[in-house]
Amino acid sequence: MPTTDISGNRSRTNNKPPEHMRNEFNARKYKSHRLRNTLLITFMVFAALLLLAAGFGFKFYRDAMQIKNHEEVALSYISGLSADNIIQDPDTAISVIPKVQAETSAANRLAHSRVWDTASVIPGIGDDVKNLQGMVEIVNSTSHDSLPVLSDTIRQLVNTAYDQGNGQINLRPLTAAGAGFAQADKSIQMQSEKLKSLPYPRIRQVQNVYTEAEKQFSYLADTTSNLNRAVHVLPQLLGIQGPRSYIIVAQTPSESRSGGGLIGSLGSMHADNGMVKVNDFHPNTEFIRLGVINTDDPDGIFSAPLHFGFDIRDLTAYPDFSQTAKAVNTCWQRSSYAGQIDGVIMIDPVFIQEVIKISGNIRTSNGQILTGENTAQFFMNDIYKTIPVYEQDAVFAGVAKQAMNGVFSKMSTKKIMALSKLLKPMAEQRHLYMYTFHADEATYFQGSGLAKEAPDNEEKPEIGIYLNQNNPSKLDWYLHRKTDITHTSTATDGSRTYHVKFSMTNVLTQSEMSGLTNYVLGQSSNFTSRGTALEKMLFYPPAGGSISNIRYKGGGWQPKRAVFNGKHLYTSLASIPPGQTVVYEYDVTTSPKAKTDLNVDQTPMGWADPGVTFNDLTGNNEQ
């Protein structure tokens with residue numbers, strides 16, 4: 001009810017809640033404001049983070065595009081820095097180096113900013129960022145450290161006169177260039193290995209730049225390595241440290257032996273401080289009568305079905321050229337040409353064809369013009385159809401002598417560059433061997449891969465696949481080979497596993513057979529027939545590795561274990577009639593020490609293409 005105060009006035013009703021109710025209301029009000037403020041702050045922080053992320057993402061994307069552009073321009077400049085371009089126009093070629101440096105420096109600054117360092121630890125993109133950062137740093141370092149040394153050294157060679165007349169070659173500029181090429185080679189090889197070791201990127205745009213960088217670095221590394229090898233081996237080969245005499249062995253892969261083919265003739269070359277003379281070649285008939293040179297065949301690998309006599313003809317049955325070189329010298333010393341020998345060079349028609357590309361066409365004694373395109377086919381097939389057997393050795397000897405003399409006469413920078421590019425691939429494919437008996441010179445002969453051995457390097461794994469024709473013939477010209485290598489897994493210890501598929505197809509047709517003699521087709525016998533290649537196969541695992549699960553189809557025999565020259569291998573026999581194919585498949589595991597993918601070392605064919613294909617099922621780059 002309303003109340004009246006003592007003055008008689010009416011007062012309002014007292015609706016004030018109790019104290020505990022007021023406290024509860026105030027608490028609820030405080031909580032409501034706190035929740036509102038918290039939500040507001042959270043929203044503002046989230047909005048700020050979104051704006052920051054958007055800004056970060058935009059800057060990251062913008063930087064990435066700029067880095068990509070800088071790297072692509074730099075790599076395009078590097079692709080033009082070939083030895084050929086520097087020779088033709090050294091000033092123009094070398095003038096691009098400051099441009100390369102400007103592009104790589106700009107890319108490097110962007111790639112190592114705080115944004116990119118932060119991004120390198122973000123899951124999902126971290127490896128791509130690390131790849132790009134590493135790649136940019138490597139290209140930048142190379143452009144400032146290695147390219148100037150390389151270009152300056154090549155420029156020295158370009159501005160030098162080598163031909164001093166009367167067949168004398170000035171070798172001093174080559175030796176002077178050795179230090180520069182060695183420095184550039186060491187640096188570029190190291191950077192190339194660092195590039196390959198970067199985590200493989202998943203973002204397509206980064207993959208594209210990385211692939212191009214690998215391509216250009218691989219080319220640059222090969223160019224530098226080849227030049228370094230050439231400027232060291234050529235002066236030593238040509239007698240800068242004193243007179244040198246070499247046996248030159250001519251062999252033909254048309255009748256295969258592990259390291260090449262049947263030896264047809266031997267010649268010699270004398271060099272003294274750049275004065276070179278290639279002497280006459282002598283047919284193998286002069287050396288056959290000197291008897292057996294080596295019988296190191298403990299497991300009887302070459303005892304059947306065709307028994308190798310290991311006179312001069314069969315000395316390339318050894319996959320280790322060190323063994324072949326020593327045996328050839330032993331034979332030479334039994335002949336009337338005996339004397340001081342400093343090394344052995346072995347060549348085949350494919351190498352002669354490449355030399356003719358450098359030194360010019362050659363006309364044979366019967367009027368045939370041999371070029372850089374038809375020489376291998378002529379000596380490995382056509383000669384047996386057009387030249388009588390008793391004249392064939394003389395024709396080959398004459399061309400080999402002329403080609404070898406030609407490549408060392410009127411020496412020029414262009415020839416040096418051409419030879420530098422020729423030595424490595426010809427030696428890797430066993431079309432060329434260069435072996436020295438001087439220990440102090442061996443580093444740039446057999447030590448740099450110019451005299452192949454059966455697989456012996458755990459860090460650079462190879463399988464060995466070697467053929468030995470057991471049907472005396474020239475049928476290996478018709479035997480086309482293919483090798484597919486597929487990387488299937490990598491173990492935790494670093495060893496890698498591959499699947500290898502090796503096939504041989506006899507492409508000889510019945511119509512061709514009608515026009516060929518038994519000298520080409522082989523004699524019919526109790527173990528083969530005319531036109532059927534009969535190959536004694538040697539399969540070597542990589543050094544420190546193994547071969548397993550060998551399977552075969554076609555005319556193959558069950559592989560057997562053997563030991564040859566201290567190395568373990570498998571042997572088999574394969575019979576390949578015209579039009580037929582024999583296939584061997586097996587798995588290969590490398591040593592845990594392997595640093596490169598598996599490669600193939602094989603008996604050379606009648607052409608430069610080794611017929612090898614690489615695949616990768618592990619998600620990495622194809623080789």
Side-chain angles (χ1 to χ4, degrees), residues 157 160-178 226-227 229-250 265-282 325 328-329 332 337 339-348 351-362 370 372 375 396-424 426-427 431-438 440-442 444-446 448 450-451:
L157 296 182
T160 297
Y162 297 94
D163 186 9
Q164 296 184 310
N166 299 319
Q168 184 77 40
I169 301 170
N170 179 16
L171 300 176
R172 297 299 170 185
L174 292 178
T175 58
N226 293 341
L227 288 168
R229 181 184 293 106
V231 299
H232 283 89
V233 76
L234 286 176
Q236 294 175 354
L237 175 72
L238 302 182
I240 197 167
Q241 297 189 55
R244 295 288 184 265
S245 293
Y246 303 92
I247 302 168
I248 303 180
V249 182
S265 58
L266 301 179
S268 62
M269 183 179 88
H270 185 75
D272 186 2
N273 197 29
M275 182 72 75
V276 182
K277 180 182 180 183
V278 178
N279 301 307
D280 291 337
F281 281 70
H282 313 283
V328 164
N329 189 37
W332 185 267
Y337 313 110
Q340 174 62 39
I341 293 297
D342 299 285
V344 177
I345 300 169
M346 191 161 81
I347 60 177
D348 74 356
F351 175 74
I352 293 174
Q353 177 171 284
E354 296 301 313
V355 166
I356 286 176
K357 286 181 183 178
I358 299 173
S359 59
N361 296 346
I362 292 176
L370 298 181
T375 299
F396 181 84
V399 171
K401 176 182 177 180
Q402 190 173 338
M404 294 297 285
N405 271 319
V407 79
F408 291 121
S409 67
K410 298 181 180 179
M411 187 61 70
S412 64
T413 305
K414 186 176 181 179
K415 274 190 176 182
I416 291 170
M417 296 301 178
L419 283 171
S420 74
K421 291 190 293 184
L422 180 63
L423 295 180
K424 181 184 177 182
M426 287 289 100
H431 297 294
L432 167 70
Y433 296 86
M434 298 175 67
Y435 188 94
T436 178
F437 295 126
H438 290 267
D440 60 333
E441 297 179 355
Y444 289 100
F445 282 78
Q446 53 265 38
S448 66
L450 296 182

Main-chain N/O of G372 paired with T375 side-chain donor or acceptor, under 3.5 Å | no
Can you tell me how far CE of M404 sits from CG of N279, rounded to the nearest 0.5 angstrom?
-> 12.0 Å
When the ring planes of H282 and Y337 are compared, do they come out parallel, tilted or perpendicular, using 30° and 60° as the limits?
-> parallel
A403 versus S359, closest heavy-atom pair with distance | O-OG, 4.0 Å
Nearest heavy-atom pair of Q236 and Y444: which atoms, and what distance?
-> OE1-CB, 4.4 Å
OG (S409) and CG (D163) are apart, to the nearest 0.5 Å, by 8.0 Å
Do L227 and M417 have side chains that get closer than 4.5 Å, going by heavy atoms?
-> yes
Sub-3.5 Å donor-acceptor pair from the side chain of T413 to the main-chain atoms of L157, do we have one?
-> yes
Kindly give the heavy-atom pair with the smallest separation between M434 and A451, and that separation in Å.
-> O-CB, 3.7 Å
Can you name the closest pair of heavy atoms from I345 and M269 and give their distance?
-> CD1-CE, 4.2 Å
When rounded to the nearest 0.5 angstrom, what distance separates CD1 in I352 from NZ in K401?
-> 14.0 Å
Residues at least two apart in sequence or cross-chain that pass salt bridge (charged side-chain N to carboxylate O under 4.0 Å, His left out) with K415, listed by chain then number, are none
Could you walk me through whether N273 and I240 pass the side chain to side chain contact (heavy atoms under 4.5 Å, CB included) check?
-> CA-CA 4 Å; N273 197 29; I240 197 167; 4.1 Å; yes
The salt bridge (charged side-chain N to carboxylate O under 4.0 Å, His left out) partners of K277 (sequence neighbours excluded) come to none
Which pairs of donor and acceptor atoms, one on a side chain in residues 169-176, lie under 3.5 Å apart (sequence neighbours left out)?
| from | atom 1 | to | atom 2 | distance (Å) |
| --- | --- | --- | --- | --- |
| N170 | OD1 | R172 | N | 3.3 |
| N170 | ND2 | A161 | O | 3.4 |
| T175 | OG1 | R172 | O | 2.8 |

Interatomic distance, CD@Q168 vs CG@N166, rounded to 0.5 Å, equals 8.5 Å
Step by step, would you call N329 with F437 a side chain to side chain contact (heavy atoms under 4.5 Å, CB included)?
-> CA-CA 10 Å; N329 189 37; F437 295 126; 3.9 Å; yes
Nearest non-hydrogen partners of E441 and Q241, listed with the distance = OE2-NE2, 3.7 Å
R244/L238 under side chain to side chain contact (heavy atoms under 4.5 Å, CB included): CA gap, chis, key distance, verdict = CA-CA 7 Å; R244 295 288 184 265; L238 302 182; over 6 Å; no
Is a side-chain donor or acceptor of D342 paired with a backbone partner of Y246 at a separation under 3.5 angstrom?
-> no
Between the CG atom in L450 and the CE atom in M426, the distance rounded to the nearest 0.5 Å is 12.5 Å
Does the side chain of L423 reach to within under 4.5 Å of the side chain of N226, using non-hydrogen atoms?
-> no
Closest non-hydrogen contact found for F351 with H431 is CB-O, 3.5 Å
Atom pair CD1/CG of I358 and L419 - distance to nearest 0.5 Å = 4.5 Å
